[in-house]
Protein chains: 2
Amino acid sequence: MLKEERHQAILSQVELHNRVLLTDIAEKLDVSIDTARRDVKELDQENKLRKVHGGAISLGFTTSSTRNTNIYALPQKITIAEKAATLLKNDAVIFIDGGTTCMEFARIIPLHLKLTCFTMSLPVAMELTTKPKVDVIFIGGKISKESQIAIGANATHALSEIKVDYGFIGTGYVDASDGLTDFDWDVVQVKKAIMKASKKTILLCISKKLNSRHRYKTCDMTAVDTMITELSPDDDQLKLFRNNNVHLI
Amino acid sequence: MLKEERHQAILSQVELHNRVLLTDIAEKLDVSIDTARRDVKELDQENKLRKVHGGAISLGFTTSSTRNTNIYALPQKITIAEKAATLLKNDAVIFIDGGTTCMEFARIIPLHLKLTCFTMSLPVAMELTTKPKVDVIFIGGKISKESQIAIGANATHALSEIKVDYGFIGTGYVDASDGLTDFDWDVVQVKKAIMKASKKTILLCISKKLNSRHRYKTCDMTAVDTMITELSPDDDQLKLFRNNNVHLI
DNA sequence: TATTATAATGCAATTTACTGCAATTAAAAC
DNA sequence: GTTTTAATTGCAGTAAATTGCATTATAATA
């Protein structure tokens, strides 16, 4: 393997996970630790990453105030994810839906927290594998290419056999009177099943989606126990939601 | 062979694989290393590629878009993946195991190919969502953090209910007499289930793993229908495998 | 503090690069 | 067709780069 290829491989790993261990480089690229260290050292000198004890981290990781340099992660979603994370307690059993907001939530879960997480979102599951104390269980099924979640009879059936404390879900569209709606029928079916499997349903939703609706209905607002948005609780837009016994954060 | 022809051959190689080794050029084009080096040097000066120690890489290789498609792929694994891909036909129903070699295989599947793919590897499933004509079905279960595949009773049970034409599997260790072995018991159980669900088992395995073994056994070599490595079929190491009715590519 | 893990350094073995040169080949000139 | 000329190629010797290992130093962690 050419040195240049190794360098690219290391950079891609850093780009993807924001960090990389020297031992991982050595093993996966089939070189000695020394070579891995030298590679990282050179990349550091070229200002492509930052070398730290035991590995390397991406340049933006430490400096930028916004946590992860995911271009899709809007700051509001991080705010929501941070609020949602405050609900988590050790040994909780939760479900995490797909979508970028839930993805942000998964990303923000503290490393020391012991959890059991169900999900049928591929990216969320991938992210959760980086959390040492989180048990991850994936609900299988046919994979929807757009949303990268498992759908179909298999998925809904598997969901019918579990019960979790909290179901953290997202939605495509939400409205105080029309409830949660989506444009994909299969996705709606799965979301229904998630809510049935959850003792409490927590909706993560950026304010942009408030007051919008689409073809297929997941549920009424009354079925949602808690809704988390980035707006302050006394925002005008939220008044309508208070009538549905929805707890707002 | 004319110099210009060589230059074209080198460029097409670089275009295809993003890289080329001087030793490969020398061997395949039947010239000395020196000539190969001189050719690459000229192409570099013409800005057709970038010369690096030991070979050359394509100019676009460093852009992050191509980088993401080349995470941690050893060149040998690409060779194996390419060979494996030749077995695929339209409308085939296959299973793809986890591991970097199988990942490379998933990556190389042509976009025009219509397939149904089962997998219980998160990265493989993610990759497959980029193939428009491939139906992806994920076998759910508890996710193993090291290997990022679904394991456990759920996974093996789900596997017991399907039947695929080809099962493309990897293994941690392989030996002609001891067969396929691994260090993780759960993983071995899943691999067994995969083989049971496959009409034909195709083992993708880099030569480095040949003649190695570990604690838990998946199966004997006789259970493998085809083994694909990057070695030439008359390599000495492979002689031992011929005795097991294993088809080598 | 003790213990472990990681880093830095020097060194030897290997691989690759460069240089000059002679032999060969292809093209040009006669 | 023959000779001349220039380009190309392979080889040998040397220089440089790369790599892995051993050793010592340093940093992290309990």
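Residue numbers begin at 1 in each chain, while the letters A, B, ... track the order of the sequences. Only a predicted model underlies this, so the values are computations on that prediction, with no experimental measurement involved.
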message: Test of understanding: with side-chain contact (heavy atoms from CB on, under 4.5 Å), list the residues that count as partners of B:Asp39, not counting sequence neighbours.
response: B:Lys3, B:Arg6, B:His7, B:Ile10, B:Thr35
field: Integer-rounded Å distance: C:dA7 C1' and A:Asp44 CG
entry: 14 Å
- prompt: How many angstroms lie between atom OH of B:Tyr216 and atom OG1 of B:Thr218, to the nearest 0.5 angstrom?
  reply: 12.0 Å
query: Rounded to the nearest Å, what distance is computed from the NE2 atom of residue A:His53 to the C1' atom of nucleotide D:dT29?
result: 11 Å
message: Does a side-chain N or O of B:Lys51 approach OP1 or OP2 of C:dA17 to a distance below 4.0 Å, or not?
response: yes
message: Using a 6.0 Å cut-off, check whether atom NZ of A:Lys114 has over 12 heavy atoms from anything other than its own residue.
response: no
task: May I ask you to check whether over 12 heavy atoms, not counting those of A:Arg19, lie within 6.0 Å of atom CZ?
output: no
message: Rounded to whole Å, please give me the gap between CD in B:Glu4 and P in D:dA7.
response: 16 Å
query: Contact class for B:Val40 vs. all strands (heavy atom < 4.0 Å): base, sugar-phosphate, or nothing?
result: nothing
Within the sub-3.5 Å range, which N or O atoms of nucleotides 19-21 of chain D have a protein N or O partner, and how far apart are they?
| from | atom 1 | to | atom 2 | distance (Å) |
| --- | --- | --- | --- | --- |
| D:dT19 | OP1 | A:Arg6 | NH1 | 2.7 |
| D:dT19 | OP1 | A:Arg6 | NH2 | 3.0 |
| D:dT19 | OP2 | A:Arg6 | NH2 | 3.0 |
| D:dG20 | OP2 | A:Ser32 | N | 3.1 |
| D:dG20 | OP2 | A:Ser32 | OG | 2.7 |
| D:dG20 | OP2 | A:Thr35 | OG1 | 2.1 |
| D:dG20 | N7 | A:Arg38 | NH2 | 2.6 |
| D:dC21 | N4 | A:Asp34 | OD2 | 3.2 |

task: Identify the residue among B:Ile109, B:Val136, B:Leu113 that makes a side-chain contact (heavy atoms from CB on, under 4.5 Å) with B:Lys131.
output: B:Ile109
message: For the CZ atom of B:Phe95 and the CD1 atom of B:Ile202, what is their distance to the nearest 0.5 Å?
response: 13.5 Å
message: Is it true that B:Thr156 and B:Gln189 share a donor-acceptor pair across their side chains at a distance under 3.5 Å?
response: no
Length of the CG-C1' vector between B:Leu29 and D:dT8, whole Å: 15 Å
- line: Of A:Glu42 and B:Glu42, the one whose nearest nucleotide on DNA chain D sits closer to the 5' end is B:Glu42
message: B:Lys142 vs A:Asp135, test: salt bridge (charged side-chain N to carboxylate O under 4.0 Å, His left out). Steps then yes/no.
response: CA-CA 8 Å; B:Lys142 182 155 191 265; A:Asp135 271 348; 3.6 Å; yes
task: Kindly compute the distance separating CD1 (B:Ile206) from CD1 (B:Ile228), expressed to the nearest 0.5 Å.
output: 14.0 Å
Helix axis bend for the helix from C:dT1-D:dA30 to C:dC30-D:dG1 - C1'-based end axes, five pairs, 10° rounding: 40°
query: When you match A:Arg37 and B:Gly55 each to their closest nucleotide on DNA chain C, which lands nearer the 5' end?
result: A:Arg37
message: If I take atom CG in residue A:Leu21 and atom P in nucleotide C:dA7, what distance separates them, rounded to the nearest angstrom?
response: 10 Å
